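Step one of this worksheet: look at the structure below.
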Amino acid sequence: METELNFNASFQKTGEIIIETKSNKEIEDVILWIYSEDGDHKIAEKKIDTYEQSGYYTIDKFERTNINEEKRQYRIYLMNLREKLSTKKSYFAEVIVIIDGERYRLENEFFFEKNQAYFKEKNMSYKYEK
């Protein structure tokens, strides 16, 4: 079966990242990586285990597959990782969605100042069909 995946990431000034996924296959994991400004050092990694779900899968007994898309919404708060990050220093946040062992990624640059997060892009999208 071909993989179809759409995911969007919304980056809020509060440091919250909202990730919305829609896929015809089950999502194994969603992970957030934080990298240094030069991209050489991983500073933090957080697997996002909780999500809100809508949609479902059904499979016909006679090998005809009827698959409905599954939609999920994940939330993560960068402020929970703040002790590992410095103010006014740039970092990269990488959102990774894993399906069938394959990794699909979005990357966004950000920095903290006065208890707010400033991102290069407010909204990012990824669409994959194979």
Side-chain angles (χ1 to χ4, degrees):
M1 173 184 5
E2 295 180 358
T3 300
E4 293 179 15
L5 168 66
N6 289 315
F7 75 93
N8 302 305
S10 174
F11 301 89
Q12 311 293 316
K13 279 191 171 187
T14 59
E16 180 182 30
I17 301 173
I18 302 168
I19 303 154
E20 295 179 342
T21 64
K22 181 169 67 170
S23 178
N24 67 335
K25 290 191 176 180
E26 185 176 357
I27 294 171
E28 295 169 28
D29 286 314
V30 174
I31 302 170
L32 174 70
W33 285 353
I34 305 295
Y35 283 97
S36 60
E37 184 176 18
D38 59 12
D40 290 340
H41 302 92
K42 188 181 349 173
I43 296 169
E45 178 176 337
K46 177 75 175 152
K47 184 176 175 183
I48 308 167
D49 293 325
T50 57
Y51 56 86
E52 296 174 16
Q53 180 178 354
S54 62
Y56 57 91
Y57 291 89
T58 57
I59 299 178
D60 192 329
K61 293 179 185 177
F62 301 105
E63 298 280 313
R64 291 178 293 190
T65 307
N66 179 18
I67 297 180
N68 297 311
E69 293 178 332
E70 181 181 44
K71 296 178 183 179
R72 293 182 181 180
Q73 184 180 77
Y74 300 82
R75 293 175 181 265
I76 188 163
Y77 299 90
L78 286 178
M79 296 305 180
N80 295 344
L81 303 171
R82 185 91 193 256
E83 67 276 359
K84 297 180 181 181
L85 308 173
S86 301
T87 303
K88 295 187 180 180
K89 186 174 179 184
S90 289
Y91 297 95
F92 288 95
E94 186 170 18
V95 176
I96 303 165
V97 175
I98 303 173
I99 298 175
D100 290 339
E102 294 290 324
R103 294 174 179 238
Y104 306 91
R105 305 168 185 224
L106 287 177
E107 184 180 88
N108 199 357
E109 188 174 3
F110 74 97
F111 67 92
F112 285 114
E113 186 175 326
K114 296 181 182 177
N115 292 325
Q116 290 192 339
Y118 294 90
F119 292 93
K120 185 174 182 180
E121 301 289 335
K122 183 166 173 37
N123 295 299
M124 300 180 80
S125 297
Y126 187 104
K127 183 175 182 177
Y128 179 81
E129 293 181 27
K130 180 179 178 185

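For the single chain, residues carry numbers from 1 onward in sequence order. What you see is a predicted model; the values in this text were computed from it and never measured.
To the nearest 0.5 Å, atom CD of residue E2 and atom OH of residue Y128 are 9.0 Å apart. Rounded to the nearest 0.5 Å, atoms OG (S90) and CZ (F112) are 11.5 Å apart. Atoms CG and CD1, from D100 and I98 in turn, are 11.0 Å apart once rounded to the nearest 0.5 Å.
You'll find the side chain of K46 reaches within 4.5 Å of the side chain of I76, heavy atoms only. At least one side-chain heavy atom of K47 sits under 4.5 Å from a side-chain heavy atom of D49. Side-chain atoms of F92 and I43, non-hydrogen and from C-beta on, never get closer than 4.5 Å to each other. Contact of the I18 side chain with the Q73 side chain is registered, since non-hydrogen atoms from C-beta on lie closer than 4.5 Å. A heavy-atom distance below 4.5 Å is found between the side chains of L32 and L78. At least one side-chain heavy atom of L81 sits less than 4.5 Å from a side-chain heavy atom of I34. At a threshold of 4.5 Å between non-hydrogen side-chain atoms, the residues I96 and V30 do not count as touching.
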Atom pairs and distances, donor-acceptor, side-chain atoms in residues 4-12, under 3.5 Å, two or more places apart:
unit_1, atom_1, unit_2, atom_2, d
N8, OD1, S125, OG, 2.6
S10, OG, Q12, NE2, 2.6
S10, OG, N123, OD1, 3.3

Pairs of donor and acceptor atoms involving the side chains of residues 35-42, under 3.5 Å and at least two apart or interchain, shall be tabulated with distances.
unit_1, atom_1, unit_2, atom_2, d
S36, OG, D38, OD1, 2.5
S36, OG, H41, N, 3.2
D38, OD1, D40, N, 2.9
K42, NZ, E45, OE1, 2.9

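Listed by chain and residue number, Y51 satisfy the ring-ring contact (aromatic ring centres under 6.0 Å, His included) test with Y74 (two or more places apart in sequence, or in another chain). Taking the salt bridge (charged side-chain N to carboxylate O under 4.0 Å, His left out) definition, one finds that R103 meets it with nothing, sequence neighbours left out. The salt bridge (charged side-chain N to carboxylate O under 4.0 Å, His left out) test applied to E102 returns no partner, not counting sequence neighbours.
Between the side chain of E28 and the main chain of G101, a donor-acceptor pair closer than 3.5 Å is present. Remark: side-chain polar atoms of N108 are paired, donor with acceptor, to backbone N or O of E121 under 3.5 angstrom.
Under a hydrophobic clustering in which Ile, Leu, Val, Met, Phe, Trp and Tyr are joined whenever their side-chain heavy atoms come within less than 4.5 Å, directly or via other members, I19 and M79 fall into the same cluster. Residues I17 and Y126 share a hydrophobic cluster, clusters being chains of Ile/Leu/Val/Met/Phe/Trp/Tyr side chains in contact below 4.5 Å. Residues Y104 and M124 fall within the same hydrophobic cluster, defined by Ile, Leu, Val, Met, Phe, Trp and Tyr side chains chained together at heavy-atom separations under 4.5 Å.
When all heavy atoms of R75 and I48 are compared, the pair lying nearest together is O-CG2, 3.9 Å. For the pair A117 and G15, the tightest heavy-atom approach, listed with the atom from each and the gap, is CB-CA, 3.9 Å.
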Go through V97 and L106 one step at a time and tell me if the side-chain contact (heavy atoms from CB on, under 4.5 Å) criterion holds.
CA-CA 9 Å; V97 175; L106 287 177; over 6 Å; no

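Under the salt bridge (Lys or Arg N to Asp or Glu O under 4.0 Å) criterion, the residue pairs touching residues 104-120 are E94-R105, with sequence neighbours excluded.
If you run side-chain hydrogen bond (donor to acceptor under 3.5 Å, both in side chains) between Q53 and each of R72, K71, E70, only E70 comes through.
Atom NZ of K122 sits in a crowded spot, with more than 12 heavy atoms from other residues, nucleotides or ligands closer than 6.0 Å.
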